[in-house]
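First up is the structure itself, then whatever we jot down about it.
Reminder, nothing fancy here: chain letters follow the sequence lines and each chain counts from 1. Hydrogens, waters and symmetry mates play no part in the numbers below; they use all other heavy atoms, side chains included. Quantities reported herein were computed from a predicted structural model and do not represent experimental measurements.
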Amino acid sequence: MIDLEIVREHPEVVEANLARRRRPEYLTQLAAVRAADVDWRATVRVADELRRRRNELSRGIAEARAGGGPSEALSAEAKALPVRMREVELREAELRDARDRALRRLPNLLDESVPYGRDDSENVVVGTWGSPGPADPGLRSHAELLEGLGMADFDRAHRTSGAGFYYLFGDFVLLDLALQRFALDLLVDRGFTPVAPPYVLRRAPYEGVTDLADFENVMYRIQDEDLYLIATSEHPLAALHAGEILDPDDLPLRLAGVSPCFRKEIGGHGVDQKGIFRTHQFQKVEQFAYVRPEESAAMLEELRANAEEVFRRLEVPYRVVTVCTGDLGTVAAKKYDVEAWFPRQQAYREVVSCSNCTDYQARRLGIRLGKAGRPEKQTPHTLNSTAVATSRGLAVIVEQYQQPDGTVTIPTALRPYLGGRDALRPSGRPH
RNA sequence: GCUGAGGUAGCCUAGCCCGGCAAGGCGCCAGCCUUGAAAGCUGGUGGGGUUUCCCCACGGGAGUUCAAAUCUCCCCCUCAGCGCCA
């Protein structure tokens with residue numbers, strides 16, 4: 001959530017920033033926040049005065065009784081006060097709630113370097129690596145290849161669990177684990193601490209890490225429980241320090257989350273729907289960092305460099321885009337996507353999302369900076385980035401490394417994790 | 001799931017039975033002292049406001065009352081023991 005102080009002191013700055021997101025309702029919401037805040041402050045004064053008088057009378061009654069004197073006159077006035085107070089305090093609470101609800105719905109302030117644009121077609125390419133191969137009509141989709149190898153069964157999974165789920169088999173399962181371990185080792189080398197987080201979160205901490213629309217559209221809820229399946233380990237990693245005071249000397253904190261991810265909304269249409277590119281469930285190794293405010297811009301580049309390094313070592317061509325103002329999510333101030341080259345589709349598709357959430361997440365979670373015994377008002381920044389998601393990461397490897405005979409060569413970087421296997425070959429799993 | 005104990009400021013704790021301005025310790029900040037530091041001493045150390053003062057804040061909410069940390073009701077969370085369990 002945006003700092004209320006900034007809204008009060010520099011409303012024109014906030015307004016100009018929100019306007020860049022090209023959603024007029026944000027400006028309406030901002031106006032609502034400001035109006036409710038002004039009214040709230042005025043109402044607080046009235047309520048304060050009533051409470052002051054009541055406290056004064058209460059003390060008078062207590063003193064009169066202690067001195068054995070009469071207190072009836074005071075009591076008479078005191079009895080009349082609560083009626084008026086109830087009314088004013090109700091108004092005070094309503095205004096505060098209205099202000100806070102509207103404030104929480106406002107998106108993060110955009111970083112100045114975010115390009116202005118309408119939608120993902122106006123994201124700006126900031127780097128490419130490797131060269132996409134020429135179009136080849138003989139190339140097969142990853143789903144087709146995996147089924148041919150006996151390493152995935154989508155049809156049965158659709159019957160047991162619905163579209164968006166899958167069974168994986170044999171060496172492909174080992175490849176999945178190898179890819180996770182490969183990414184994790186790379187991060188550990190670079191100072192990250194691996195974290196196995198809880199796969200469910202309560203609603204209260206969850207509201208701190210994401211916006212409310214996600215509860216309707218994205219998250220699976222456990223029936224009759226106040227628990228939601230995580231959509232990414234970013235969420236439990238952000239909630240990890242909710243309500244705490246972090247020592248700036250301990251920052252930056254680099255965490256590498258490993259977990260399955262569950263998402264109801266998997267959206268979109270396009271070629272090769274079948275497979276593991278868009279799924280309700282996948283594994284992900286996630287980078288997460290808590291940093292001092294002045295460090296977050298540099299940390300965003302660090303996380304991005306790590307994500308790029310994963311795909312370089314896998315020798316998968318990719319490009320990096322800066323997500324434009326119209327396509328940026330609520331929580332991020334700036335975001336890069338890494339898009340890997342899918343040769344059959346002849347297209348770059350998103351495989352990594354790398355975000356600087358600045359103080360937006362941390363403030364909602366009640367995280368502050370401070371030394372022991374000396375909490376400060378300043379809020380740390382949080383950042384997150386995919387290292388590798390082993391749905392899309394696997395999909396692109398299969399497409400990129402497919403051979404004419406239907407086998408799939410294993411990237412050199414992953415072979416040490418696979419006991420010397422150099423290819424996925426038909427497993428002979430009976431159908 | 002059952003039983004019990006708890007939730008008070010950055011941390012730890014008292015107050016609750018018996019309603020009347022939230023006490024104390026640690027940590028932290030400042031000052032004094034000191035060559036310097038420690039110790040010691042003094043003051044300060046939650047949020048807000050129209051800032052000599054006032055209001056709010058004791059897990060959350062409702063109620064009783066002139067007045068609630070304190071009494072009543074509902075809910076949430078944590079810990080311990082028991083039960084169940086890979």
[atom1] spacing across the pair [N] / [M], given as an integer number of angstrom:
N       : M       : atom1 : value
rU65(B) : rG4(B)  : P     : 31 Å
rG31(B) : rC17(B) : C1'   : 44 Å
rC21(B) : rC28(B) : C1'   : 26 Å
rC29(B) : rC16(B) : C1'   : 33 Å
rC79(B) : rA30(B) : P     : 38 Å
rA22(B) : rG36(B) : P     : 42 Å
rG43(B) : rA62(B) : C1'   : 42 Å
rA86(B) : rA5(B)  : C1'   : 30 Å

Watson-Crick or G-U wobble partner of [N], both distances under 3.5 Å:
N       : result
rG36(B) : none
rC28(B) : rG44(B)
rU52(B) : none
rA5(B)  : rU78(B)

N or O in side chain of N55(A) less than 4.0 angstrom from rC54(B) OP1/OP2: no
OP1 or OP2 of rC66(B) under 4.0 Å from side-chain N/O of R84(A): no
If you check the [X] side chain, which of [options] turns out closest?
X       : options                   : answer
I245(A) : rU78(B), rG48(B), rG10(B) : rG10(B)
R368(A) : rG49(B), rC77(B), rG10(B) : rG10(B)
R41(A)  : rU78(B), rC55(B), rG49(B) : rG49(B)

Residue whose closest nucleotide on RNA chain B lies nearer the 5' end, R8(A) versus R53(A): R8(A)
Give the minimum heavy-atom separation between [X] and [Y], together with the two atoms involved.
X       : Y       : result
D119(A) : C324(A) : O-SG, 3.3 Å
T407(A) : P426(A) : CG2-CD, 4.2 Å
P252(A) : V291(A) : CB-CG1, 3.6 Å

Can you give me the N/O atom pairs linking the protein to nucleotides 20-23 of chain B at distances under 3.5 Å, or say none if there are none?
residue : atom : partner : partner atom : Å
rG20(B) : O6   : R65(A)  : NH1          : 3.1
rG20(B) : N2   : S58(A)  : O            : 3.1

Nucleotide [N], atom [atom2] - distance to [atom1] of [X] in whole Å:
X       : N       : atom1 : atom2 : result
R54(A)  : rC54(B) : CZ    : C1'   : 13 Å
W40(A)  : rC56(B) : CH2   : C1'   : 10 Å
R99(A)  : rG48(B) : CZ    : C1'   : 10 Å
E49(A)  : rG48(B) : CD    : C1'   : 16 Å
E5(A)   : rG47(B) : CD    : P     : 11 Å
R52(A)  : rC54(B) : CZ    : P     : 9 Å
D247(A) : rC28(B) : CG    : P     : 12 Å
R202(A) : rC75(B) : CZ    : C1'   : 14 Å

Summary of protein contacts for nucleotides 57-65 of chain B, nucleotide by nucleotide, where a base hit scores B, a sugar-phosphate-only hit scores S (4.0 Å, heavy atoms): ---------
Check: S385(A) main-chain N/O paired with R304(A) side-chain donor or acceptor under 3.5 Å: no
Main-chain N/O of T379(A) paired with R363(A) side-chain donor or acceptor, under 3.5 Å: no
Check whether the side chains of [X] and [Y] place a donor and an acceptor atom closer than 3.5 Å, and report yes or no.
X       : Y       : result
N306(A) : E302(A) : no
K284(A) : T232(A) : yes
H235(A) : Y228(A) : no
S141(A) : K274(A) : no
Q281(A) : Y166(A) : no
D327(A) : N123(A) : yes

Side-chain heavy atoms of F169(A) within contact of L149(A), under 4.5 Å: no
Touch class at under 4.0 angstrom, heavy-atom based, for D226(A) against every strand present: nothing
Sugar-phosphate, base or nothing in reach of R45(A), heavy atoms under 4.0 Å: base
